[in-house]
A.B. asks: 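The structure follows.
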Amino acid sequence: MNQIINIIKALQGENSTNEKVAILKANKDNELLKKILYYTYNPYMKYKITEKSLDKMQIDDVIIKGIYIGDIFNLMDELNKNNINDYLRGRVQMFLQGKDKKLQDFYKMMLLKDLRCNISAKTINKVWKGLIPQFNVMLASKYWDSMDRVEGKEFIVTTKLDGSRMVAWKESGIFKAFTRQGQEVLGLAEIEEDFINIPDNIVLDGEILLRNDNDLESKDLYRATMKEVRKDGEKHSLIFNVFDILPLNEFQEGKSKLSCKDRKKILHNLLNGKDLKHIIEVKPLYVGKDTNKIIELLDNAITNGEEGVMVNLSDAVYECKRTKTILKVKKFNEADVKVIDMTEGTGKNKGKLGMITVQFEHKGKLWTTGIGSGFSDNERELYWNQPDILLNKIVTVGYFEISSNANGGYGFRFGTWKSIIRDDKDEISMY
DNA sequence: CAAACACTCTGGGGTTCAAAC
DNA sequence: GTTTGAACCCCAGAATGTTTG
């Protein structure tokens, strides 16, 4: 185990990712290293331990009676298979106690699924192909950052739906559905029924949303959808809004052969005219080269209470990664809010600012929400060391929408720091 | 050599479920 | 019955090394 710790230390001390790969390659035959990386970085193995809960354990202060029989892998298997509880937390303490600090820290990092050496599944899989299971779907980039990508090219505009991403297919007649992160979605009998009409080994990619029986606004429908999607057991009234299609083998290889335009045509022909109750096609709103149409359709979408639109380049193939051949077009809002608190960050932000808590006004009342995204490293350091620069000041921040929660409260969804301190005013305002 | 890409890290609101209180 | 912790939906954005044109 000491040898492994030295290898990880070497990785920590190396900035170059090519060098990290070289270090791992030099140890390719080290089965223990391979096993440790597998247990640490496999996204489907969950140990339900966080830094906070580990800190609470205070290993050396509380001596637990008993000795853990087994190694770290036995412990991790035990945690992975069961729901976490105080008995299992006690088992973790039992395992860690008595071991020297170096070893304890290493085992803790394993349990936290992060060896803190800036590597992840992608880097590990460059050395051991397929060791860490990965699941990738095509992801869009932001239109505002890549507007030049569509100039002079033909594109297809569709509605952007605010629900939960899902890919689904049938293999040997068996229906399977997965979220964006590769979590299997169960309890979809209604959608499965419609798959009688879909041949085997064809992947449908889309967004599931609750059927909008109550004519909810987009953000309320999103919340209602999440309630249904995230609960166990049979899910009801979910509609699979499909926007893409490709053969299963091409999806698994990570790239389609056909262009977006051809795929949308095939999708239309497959779904059109069939009596489907829980699968619908996301239909093109516009096909052409006129970029003015994008803004026009975005405005329409916002007027209709929708999230925005997607711009798909007509000749682009499907790729299982983030790409600039699909662009999302959304409108963000800004507000002047008051900074009332600051919280220290974690990990590389320890000793620096993590987030600010701000006060905003909504429906005639004051609410608070956290803003943690958008700060540069320098800002995090400066504001943490000199809090008076921000505390009690009015700042302009961005957000997508005001979200409501089950307790009747409100917050900012996708709130971001914009580096704007309003020294000219001391009033909160939304605009 | 600059620009684009790839990869990793950290931050948010909100929901469910199970365990703890 | 209520609160808390963990996982996972939705993400945004910064930083930095690597590859491309």
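Proteins come first, then strands; the chains are lettered A, B, ... in the order of their sequence lines, and each starts at number 1.
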A.B. asks: When you check the gap from the basic side-chain N to the acidic O, do Lys81(A) and Glu78(A) get nearer than 4.0 Å?
C.D. replies: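 Judged by the 4.0 Å cut-off on N to carboxylate O distance, Lys81(A) and Glu78(A) do not form a salt bridge.
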A.B. asks: Can you check the Leu161(A) CG to dC9(C) P distance for me, whole Å?
C.D. replies: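 After rounding, the reported distance stands at 18 Å.
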A.B. asks: Is the closest basic N to carboxylate O distance between Lys425(A) and Asp336(A) below 4.0 Å?
C.D. replies: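 Looking at Lys425(A) and Asp336(A), the cut-off is met.
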A.B. asks: Could Lys153(A) and Asp315(A) be called an ion pair, given the rule that one side-chain N must be under 4.0 Å from one carboxylate O?
C.D. replies: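 Looking at Lys153(A) and Asp315(A), the cut-off is not met.
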A.B. asks: Under 4.0 Å, counting only non-hydrogen atoms across every strand here, what does Gly398(A) touch: a base, just sugar-phosphate, or nothing?
C.D. replies: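 No contact.
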A.B. asks: Are Phe412(A) and Phe360(A) close enough that their ring centres sit under 6.0 Å apart?
C.D. replies: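 Here the rings of Phe360(A) and Phe412(A) have centres that are less than 6.0 Å from each other.
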A.B. asks: Regarding Glu307(A) and Lys330(A), does a basic nitrogen lie under 4.0 Å from an acidic carboxylate oxygen?
C.D. replies: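 Counted as a salt bridge, because a side-chain N and a carboxylate O are separated by less than 4.0 Å.
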A.B. asks: So, Lys52(A) and Asp55(A), do they make that salt bridge, N to O below 4.0 Å?
C.D. replies: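 Looking at Asp55(A) together with Lys52(A), the answer is no, because their closest N to O distance does not fall below 4.0 Å.
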A.B. asks: Are OP1 or OP2 of dT18(C) and a side-chain N or O of Asn18(A) less than 4.0 angstrom apart?
C.D. replies: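 Yes, Asn18(A) has a side-chain N/O under 4.0 Å of OP1/OP2 on dT18(C).
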A.B. asks: Heavy atoms only, 4.0 Å cut-off, all strands: where does Phe375(A) land among base, sugar-phosphate and nothing?
C.D. replies: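 If one applies the 4.0 Å heavy-atom cut-off, Phe375(A) turns out to touch the sugar-phosphate alone, with no base involved.
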A.B. asks: Between Lys418(A) and dA12(C), is there a contact of a side-chain N or O with OP1 or OP2 at under 4.0 Å?
C.D. replies: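 The answer is no; no side-chain N or O of Lys418(A) sits under 4.0 Å from OP1 or OP2.
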A.B. asks: Counting primed atoms plus P, OP1 and OP2 as sugar-phosphate and everything else as base, spell out the protein contacts along nucleotides 15-21 of chain B at 4.0 Å heavy-atom distance: B, S or - for each nucleotide, 5' to 3'.
C.D. replies: BSSSSS-
A.B. asks: What does Tyr222(A) touch in the nucleic acid at a heavy-atom separation under 4.0 angstrom: a base, only the sugar-phosphate, or nothing?
C.D. replies: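 The residue Tyr222(A) makes base contact.
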A.B. asks: Would you indicate, yes or no, if dG11(B) has its OP1 or OP2 atom less than 4.0 angstrom from a side-chain nitrogen or oxygen of Lys348(A)?
C.D. replies: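 Answer is no, no contact under 4.0 Å.
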A.B. asks: Can you see if the side chain of Thr346(A) gets near the phosphate of dG11(B) - specifically, an N or O under 4.0 Å from OP1 or OP2?
C.D. replies: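 Yes, because at least one side-chain N or O of Thr346(A) sits under 4.0 Å from OP1 or OP2 of dG11(B).
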A.B. asks: Between Thr179(A) and dC9(C), is there a contact of a side-chain N or O with OP1 or OP2 at under 4.0 Å?
C.D. replies: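 Checking dC9(C) against Thr179(A), a side-chain N or O does come within under 4.0 Å of OP1 or OP2.
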A.B. asks: Regarding Gly415(A), tell me which of base, sugar-phosphate or nothing describes its non-hydrogen contacts under 4.0 Å with the strands shown.
C.D. replies: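 The answer is nothing, as Gly415(A) stays clear of every strand by at least 4.0 Å.
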